[in-house]
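Take a look at the structure below.
Given the structure is predicted, the values throughout are model-derived calculations rather than measurements. For the single chain, residues carry numbers from 1 onward in sequence order. Whatever order the structure lists them in is the order used to number ligands and atoms, beginning at 1.
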Amino acid sequence: DNPYVSMWQELGLDLAAHDALLNVLGKTYTDFFLTQKNRPDGMGYFDFVMSEVHGLRIKELLDEKSAGRKIIGSYCVFVPEEIVLAANATLVGLCSGADFAMEAVERLLPRNTCALIKSSFGFKLGKVCPYLESADMVVGENTCDGKKKAYETLGSLVNNLYVMDLPQVKSEQGRVLLRAEYDRFKTTLEALTGVAVTAESLKTTIRTVNAKRAAIHRLSSLRKADPAPISGMDALLANQVFFYDNPERFTTSVNKICDELERRIAEEKGVFPAKTPRVLISGCPQAVPNWKLPYIVETSGAVIVGEESCVGERGTRNLTEETGDTVEAMMEAVVDRYFKVDCAIFTPNPERTAHIEEMAKDYNADGVIHYGLQFCQPYLMESFPVERALEEKNIPTLRIETDYGMEDVGQLKTRIEAFIEQL
Ligand code: BJ8
């Protein structure tokens, strides 16, 4: 009796496995999100989006496809949405936030691969992701060694995998490489969609994506208040939905929540009492439905006030300059914007440490939890100098290394509670 079953069937999903996934997702969402107290009413929008994440949103994407648009899947914030939209395509983030079909995955990837990469394979091998199956092109990127080598294998599993090369150093040559790769990407998209990127279309889409980021900035800045008007769980959810919702609708909905949060702040109404210890999370991306760490933190006596993460401020903080009038000038502006993303795959990467310090200060965080996925060399390596730099500034820091499994929840909770107690 589910109206979407035939749609999922046509996409080639494994219906039984997909049902199991939706059941777990629905249960986790209910347990983690709907049990929170004093949630803003505006979160009803996100509850709806999550309940329709494999339903209505997929139907919308398929309708776009029938109207001639293309769907592009991505695993990284270096894939420029402005260019995708300007070429008459829609960008969706492929979440990779849960373990799936692990036995099949470990026949293709070493066991000591990070959970995010394994998950991206698991969703494909388990045939449970309607976004992946709807995509006309999937973009991989040469970021960490794990991803770049894994794409060599993923290329034989998904149809039309495109791999974008990325610089590893923030040098003049690095910027030249990024510009060349964005040009090549634009040309590839134009060939796929049959629509040329024009000055007019790019100008519009730069504004569209900036508006989405500006709405998230507004939400972030309201989290500076004490008591916090929104939980870290709910703010993370908004940052996650950023990757697959319709951009205009997302912007409107987040701004509406912000109106409500402003009223709450005026009334000093919070999700937790005033003076609740405030924590900043920094590190690897937390993709849907990876809500493990924030759930533990916020049920252990603290509130999360920011995410230094690609699903968070690292991904959204910079806007693209809107002053250009030619495609050339706007492509330069797009490159300038993305070249600032301080992912740990860059060496050296001092901007990231500076940004963590700045965020801790801006959001009045009492401490930072560095979230590293097991086997993620870039972020785990950086977690040591980050910890040293923060401790030098008297910002208590806890380094966490974990995966998507639930086996370590008890142990993590003990460590996190002890950390929060000393804040
Ligand atoms: S810009 S953070 S989204 S690459 S967790 S797969 S790094 S081993 S995700 Fe990322 Fe783009 Fe950078 Fe952001 Fe590798 Fe680490 Fe796994 Fe990771």
Discussion item. I'd like to know if Asp408 and Lys292 make a salt bridge, using a cut-off of under 4.0 Å between side-chain N and carboxylate O.
Written reply: yes

Worksheet item: By residue and atom, what protein N/O/S atoms are less than 2.8 Å from atom 13 (Fe) of ligand 1?
Response: Cys310 SG

Worksheet entry | Tyr182/Tyr338 aromatic ring centres below 6.0 Å | yes

Discussion item. Which label fits Tyr4 and Trp8: parallel for a plane angle under 30°, tilted from 30 to 60°, or perpendicular past 60°?
Written reply: tilted

Worksheet item: Got a salt bridge between Arg213 and Glu81, using NZ or NE/NH1/NH2 to carboxylate O under 4.0 Å?
Response: no

Worksheet item: Who are the side chain to side chain contact (heavy atoms under 4.5 Å, CB included) partners of Pro385, not counting sequence neighbours?
Response: Arg388

Worksheet item: Within a radius of less than 6.0 Å around CD of Glu358, do more than 12 heavy atoms belonging to other residues, nucleotides or ligands occur?
Response: yes

Response to the item:
All heavy atoms of Gly367 vs all of Phe419, minimum pair found to be CA-CZ, 4.2 Å

Discussion item. Does this structure show an ion pair linking Glu332 with Arg175, if we count only N-O contacts that are shorter than 4.0 Å?
Written reply: yes

Sequence neighbours excluded and cut-off under 3.5 Å, please list the side-chain donor-acceptor pairs for residues 122-129, or say none.
{"unit_1": "Lys124", "atom_1": "NZ", "unit_2": "Glu133", "atom_2": "OE1", "d": "3.1"}
{"unit_1": "Lys124", "atom_1": "NZ", "unit_2": "Glu133", "atom_2": "OE2", "d": "3.1"}

Item to complete: Return the number of protein N, O or S atoms with a distance to atom 16 (Fe) of ligand 1 smaller than 2.8 Å.
Response: 1

